[in-house]
Amino acid sequence: QVQLVESGGGSVQSGGSLRLSCAASRYTYSSYCMGWFRQAPGKEREGVAAIDSAGSISYADSVKVRFTISRDNVKNTLYLQMNSLKPEDTAMYYCAAGHCLGRIGVRALDKSLYRYWGRGTQVTVSS
C-alpha cells in the first residue's frame with residue numbers, strides 16, 4: 001500500500017509558474033513508475049509526466065519544455081515544476097504510483113499502469 005499526498009496547487013496568471021509536490025508514504029522508486037496526471041472538467045484523465053523505475057522520463061507533448069518532473073529519493077517526494085503556464089493547463093493534478101520494471105518510456109504515461117493515486121491538487125491558470 002502506498003499513500004500519496006499532493007500539494008502546491010493554486011491559481012496563477014498565464015505565464016506563471018507553480019511547483020507541485022507529492023509525498024509518498026514509503027520508498028517507491030526502485031520498482032515503481034511515478035507520474036503526474038491531470039483531469040479537466042469533462043475530459044479524461046491524461047498523463048502529463050512520468051518517471052519509470054529505470055529513471056527514464058517521459059512528457060506529454062503539450063507540456064514538453066514547460067514542465068519538469070523530478071524526484072527526491074531521500075524524502076520520497078515527487079515534484080512537477082510547471083513554467084509558462086497556460087489556461088489550458090487548468091485541471092486537477094494527480095500524483096500516481098504503479099509497479100513497473102525497467103525502462104518503459106512513454107508507456108509510463110498510461111494511467112492504466114497506476115494502482116495508487118493521490119486525491120489531487122487544483123491548478124487554475126487565468127488569461
Side-chain angles (χ1 to χ4, degrees):
Q1 188 79 9
V2 179
Q3 281 83 44
L4 303 169
V5 180
E6 304 96 335
S7 61
S11 296
V12 296
Q13 290 191 326
S14 182
S17 298
L18 284 172
R19 188 194 194 202
L20 306 183
S21 299
C22 171
S25 59
R26 62 180 181 85
Y27 184 80
T28 60
Y29 303 120
S30 62
S31 60
Y32 282 77
C33 285
M34 298 292 297
W36 287 100
F37 294 78
R38 67 185 182 187
Q39 188 167 16
K43 295 188 176 181
E44 284 196 16
R45 191 169 297 189
E46 63 175 354
V48 174
I51 302 177
D52 64 26
S53 60
S56 178
I57 291 175
S58 297
Y59 294 100
D61 288 342
S62 60
V63 306
K64 279 180 181 176
V65 179
R66 301 187 298 123
F67 290 11
T68 302
I69 190 172
S70 62
R71 66 191 186 198
D72 184 326
N73 291 348
V74 174
K75 296 181 178 179
N76 292 340
T77 302
L78 186 73
Y79 301 99
L80 184 69
Q81 178 66 43
M82 305 186 295
N83 298 329
S84 302
L85 282 161
K86 304 175 181 180
E88 50 263 44
D89 294 318
T90 295
M92 185 71 78
Y93 282 71
Y94 298 91
C95 173
H99 287 284
C100 73
L101 293 175
R103 191 179 301 274
I104 66 170
V106 296
R107 286 189 290 132
L109 293 174
D110 183 351
K111 61 182 181 291
S112 67
L113 182 66
Y114 294 82
R115 179 177 181 180
Y116 304 105
W117 294 83
R119 292 188 175 185
T121 185
Q122 178 68 36
V123 172
T124 303
V125 184
S126 58
S127 57

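Since this is a predicted model, take the numbers as computed values, not measurements. One-based numbering along the sequence shown. FYI, side chains are in, hydrogens and waters are out, and symmetry mates aren't considered; it's all heavy atoms of this structure.
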**Q** Treating Ile, Leu, Val, Met, Phe, Trp and Tyr as nodes and any side-chain heavy-atom pair under 4.5 angstrom as an edge, say whether V123 and M92 lie in one connected cluster.
**A**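 Different clusters.
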**Q** Quick one: pull up CG in L80 and OG in S21 and give me the separation to the nearest 0.5 Å.
**A**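 Between L80 CG and S21 OG, I get 9.5 Å after rounding to 0.5 Å.
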**Q** Hey, are the side chains of D89 and M82 touching, using non-hydrogen atoms and a 4.5 Å cut-off?
**A**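 Not in contact.
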**Q** Measure from the side-chain N and O atoms of S56 to the backbone N and O of G105, and report whether any donor-acceptor pair falls under 3.5 Å.
**A**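 Not a single qualifying donor-acceptor pair exists.
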**Q** Answer whether the closest heavy-atom distance between the side chains of L101 and S31 falls below 4.5 Å.
**A**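 They are in contact (side-chain heavy atoms under 4.5 Å apart), so the answer is yes.
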**Q** Which heavy atom of A108 sits nearest to which heavy atom of C33, and what is that distance?
**A**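 Smallest interatomic distance, heavy atoms only, reads CB-SG, 4.2 Å.
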**Q** Do R66 and Y59 have side-chain heavy atoms sitting under 4.5 Å apart?
**A**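 SC-SC contact between R66 and Y59 ruled out.
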**Q** Of all the heavy-atom pairs spanning G9 and T121, show the shortest one and how long it is.
**A**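 Taking G9 first and T121 second, the nearest heavy atoms are N-OG1, 3.1 Å.
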**Q** For L113 and R107, which heavy atoms make the closest approach, and how far apart are they?
**A**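 Closest pair (atom of L113, atom of R107, distance): CD2-O, 4.0 Å.
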**Q** Can you tell me how far CD of E88 sits from OG of S127, rounded to the nearest 0.5 angstrom?
**A**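 If we round to the nearest 0.5 Å, S127:OG and E88:CD are 10.0 Å apart.
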**Q** Counting distance only, does the side-chain N/O of E6 pair as donor-acceptor with the main-chain N or O of C95 below 3.5 Å?
**A**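 Checked: pair present.
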**Q** Would you name the heavy atoms of V2 and A24 that are closest together and state the gap between them?
**A**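 Between these two residues, the closest heavy atoms are CG1-CB, 4.5 Å.
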**Q** Below 4.5 Å, heavy atoms only, C-beta onward: do M34 and L4 meet side chain to side chain?
**A**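 When only atoms from C-beta onward are counted, L4 and M34 do touch, with a gap below 4.5 Å.
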**Q** Nearest 0.5 Å, please: how far is CD1 in I104 from OG in S58?
**A**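 Answer for the OG-CD1 pair, S58 versus I104, is 8.0 Å.
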**Q** Could you tell me the separation between the CD atom of Q13 and the OG1 atom of T124, rounded to the nearest 0.5 Å?
**A**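 If we round to the nearest 0.5 Å, Q13:CD and T124:OG1 are 13.0 Å apart.
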**Q** Give me each pair satisfying ring-ring contact (aromatic ring centres under 6.0 Å, His included) with a member in residues 73-126, each pair once, sequence neighbours excluded.
**A**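 Output for this query lists Y32-H99, F37-Y114, F37-W117.
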**Q** First locate atom CD of Q81, then atom CD1 of I69, and finally report the distance between them rounded to the nearest 0.5 Å.
**A**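 Atom-to-atom, Q81:CD and I69:CD1 are 12.5 Å apart.
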**Q** Any salt bridge between E46 and R38, counting N to O under 4.0 Å?
**A**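 Between R38 and E46 there is a salt bridge, with a charged N closer than 4.0 Å to a carboxylate O.
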**Q** Testing the basics here: between S17 and S84, what is the closest heavy-atom pair and its distance to 0.1 Å?
**A**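 The answer is OG-N, 4.3 Å.
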**Q** Would you kindly confirm whether V5 and L78 end up in one hydrophobic cluster when ILVMFWY residues are joined by side chain heavy atoms under 4.5 Å apart?
**A**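 Different clusters.
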**Q** Considering all heavy atoms of both residues, which atom of F67 and which atom of V48 are nearest to each other, and what is their separation?
**A**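 Heavy atoms of F67 and V48 come nearest at CD2-CG1, 3.6 Å.
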**Q** Do Q39 side-chain atoms and A91 backbone N/O form a donor-acceptor pair below 3.5 Å?
**A**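 Not confirmed, Q39 side chain does not pair with A91 backbone.
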**Q** I need the S7 OG to L20 CG distance, nearest 0.5 Å.
**A**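 S7 atom OG to L20 atom CG measures 8.0 Å (nearest 0.5 Å).
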**Q** Are any of the side-chain heavy atoms of Q122 and T90 separated by less than 4.5 Å?
**A**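 Q122 vs T90: side chains touch.
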**Q** Atom CZ of residue position R26 - does it have more than 12 heavy atoms of other residues, nucleotides or ligands inside 6.0 Å?
**A**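 Enclosed.
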